[in-house]
Amino acid sequence: MSKAILIVGAASAIAQAYARREAAQGARFFLLARDPAKLELVAADLRVRGAGAVDTAPLDVLEDAAHDDALAAARAALGRIDVALLAHGTLPDQARCEASPAYAREQFDANGSATLALMGRLAPILQAQGLGTLAVISSVAGDRGRASNYLYGSAKAAVTAYASGLRQRLGRSGVNVLTIKPGFVDTPMTAQFKKGPLWASPDQVASGIQRAIDRRRGEVYLPGFWWAIMFVIRHVPEALFRRIRL
C-alpha cells in the first residue's frame, strides 16, 4: 500500500526534494503551504513523477485558528497519515531581530511556536491511528545559541526539545517522532550566502530524511558529519565560547 503523506511547507526546497522521491514510489500527498500558486506547481510536478494522488490547501502557519481545518482536510483526503512532515520556516535577519522585538516575535513564531502547535495537533491524530511518523525539520542551529543566528537557533531549540518529549510520550503508541537537523543547505532561502564544502543540496538532505523515516530513527543530522561538528560546538567551554564568533 502506498504511503499517505502530509507535508506542511510543501513549497520549500527540502520538502519538494523529499516529495519527489516518494512520488516515484506512488505515494499519495496532501500539501499545505502559504502560496496557492506555488502549491499547484509542486502538485503538478509530483503527479508527473508518479504520485498516486495529490491534494492541496493553502495554510499560513501563523494563523493558529486555521490549523484544525487544514488537518481535517488532510485526513479527509488521505484517510490515514503515514508521514507528516513539517518543513515550513524562515531564515530571520538576526540584526533586524535585535532591532525589532515585533519582527523577532514573528520569526520565533514562524520557526518555533507554529511548529509546536502543529505537532501538538498532529500527535493525537497519529496516536489514535496507532501508526505513522511525525517528522519535523529543526536545525543544527538549535544545538547551541550562536551570535550570528540566536533568534533562529532558539526557535529550533524549542522544536528539538518539544520533539524529544513528544517522542518519549508516544514511544509505545506505534508513532515515531523524527527530529531532522540539517546543516547548511543550498536553497533559494540561502541564495545570498557564499557556499563551501559543508553545504548540501536539498536532494542530499531529502535522501537522508527518507532513509530516517523508513528506519524509524528518532533524530538525524544531515549530512551526517554535522553530528561530529555539533558535538564539538556543544562541548566548547562557555568561557571560551563567549569569546569566539560562529
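Position 1 is the first residue of the sequence; numbering continues from there.
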Original post:
Do L116 and L170 sit in the same hydrophobic cluster, where Ile, Leu, Val, Met, Phe, Trp and Tyr count as joined when their side-chain heavy atoms come under 4.5 Å apart?
Top reply: yes

**OP:** Specify the closest pair of heavy atoms between P92 and L151, including all atoms of both residues, with the distance to one decimal.
**Re:** CG-CD1, 4.3 Å

**OP:** Please check if L178 and L134 belong to a single hydrophobic cluster, counting links between Ile, Leu, Val, Met, Phe, Trp and Tyr side chain heavy atoms closer than 4.5 Å.
**Re:** no

Subject >> Minimum heavy-atom distance A87-I137, with the two atoms named >> reply: CB-CD1, 3.7 Å

Original post:
When rounded to the nearest 0.5 angstrom, what distance separates CD1 in I244 from CZ in R146?
Top reply: 10.0 Å

Original post:
Are S12 and H88 linked by a side-chain donor-acceptor pair shorter than 3.5 Å?
Top reply: no

Subject >> S148 versus Q94, side-chain donor and acceptor atoms under 3.5 Å >> reply: no

Subject >> Whether T160 side chain and K156 backbone form a donor-acceptor pair below 3.5 Å >> reply: yes

Original post:
Could you go step by step and tell me if K3 and R28 meet the side-chain contact (heavy atoms from CB on, under 4.5 Å) rule?
Top reply: CA-CA 6 Å; K3 288 180 185 173; R28 296 180 295 116; over 6 Å; no

**OP:** Check whether V140 and V205 end up in the same hydrophobic cluster, where Ile, Leu, Val, Met, Phe, Trp and Tyr are linked by side-chain heavy atoms less than 4.5 Å apart.
**Re:** no

Subject >> Donor-acceptor contact present, side-chain N176 to main-chain R217, <3.5 Å >> reply: yes

Subject >> side-chain contact (heavy atoms from CB on, under 4.5 Å) evaluation trace for Y18 with L85 >> reply: CA-CA 10 Å; Y18 168 71; L85 173 64; 3.7 Å; yes

Subject >> CZ (R21) with more than 12 external heavy atoms under 6.0 Å >> reply: yes

Subject >> Short side-chain to backbone donor-acceptor contact, S139 and G142, under 3.5 Å >> reply: no

Original post:
Taking only residues at least two apart or on different chains, which pairs with a member in residues 227-238 satisfy side-chain hydrogen bond (donor to acceptor under 3.5 Å, both in side chains)?
Top reply: D143-R234, R144-E238, Y221-R234

Subject >> Side-chain donor-acceptor contact under 3.5 Å, E40 with T56 >> reply: yes

Subject >> E98 atom CD, neighbour heavy-atom count above 12 within 6.0 Å >> reply: yes

Subject >> Heavy atoms of other groups near R105 CZ, more than 12 under 6.0 Å >> reply: no

**OP:** Quick one: closest heavy-atom pair of L118 and V61, and the distance?
**Re:** CD1-CG1, 4.0 Å

**OP:** Kindly compute the distance separating CD (E22) from OG (S2), expressed to the nearest 0.5 Å.
**Re:** 10.0 Å

Original post:
What's the spacing between I125 CD1 and R80 CZ if we round to 0.5 Å?
Top reply: 15.0 Å

Original post:
To the nearest 0.5 Å, how far apart are CG in D69 and CG in L59?
Top reply: 10.0 Å

**OP:** Compute whether any side-chain donor of one residue and acceptor of the other, for D82 and T133, lie under 3.5 angstrom apart.
**Re:** no

**OP:** Sequence neighbours left out, what passes salt bridge (charged side-chain N to carboxylate O under 4.0 Å, His left out) with D45? Give chain and number order.
**Re:** R20, R49

**OP:** Would you indicate whether the side-chain heavy atoms of L166 and R169 approach each other to under 4.5 Å?
**Re:** yes

Original post:
Between the main-chain N or O of L131 and the side-chain N or O of Q129, is there a donor-acceptor pair closer than 3.5 Å?
Top reply: yes

Original post:
Backbone N or O of C97 within a donor-acceptor pair of the S100 side chain at under 3.5 Å?
Top reply: no

Original post:
Of the non-hydrogen atoms in V136 and A163, which two are nearest, and what is the gap between them?
Top reply: CG1-CB, 4.2 Å

**OP:** Hey, could you give me the CG/CD distance between D186 and Q204, rounded to the nearest 0.5 Å?
**Re:** 10.0 Å

Original post:
Is there a donor in the side chain of S138 and an acceptor in the side chain of T179, or the other way round, less than 3.5 Å apart?
Top reply: no

**OP:** Would you kindly confirm whether F29 and L32 end up in one hydrophobic cluster when ILVMFWY residues are joined by side chain heavy atoms under 4.5 Å apart?
**Re:** no

**OP:** Mind listing the closest non-hydrogen atom pair of I7 and A15 along with its distance?
**Re:** CG2-CB, 3.8 Å

Original post:
Side-chain heavy atoms under 4.5 angstrom apart, residues restricted to Ile, Leu, Val, Met, Phe, Trp, Tyr: same cluster for L39 and F30?
Top reply: no

Subject >> ring-ring contact (aromatic ring centres under 6.0 Å, His included) involving F184 - partner list, sequence neighbours excluded >> reply: W199, W226

Subject >> Euclidean distance, Q107 CD relative to T90 OG1, rounded to 0.5 Å >> reply: 3.5 Å

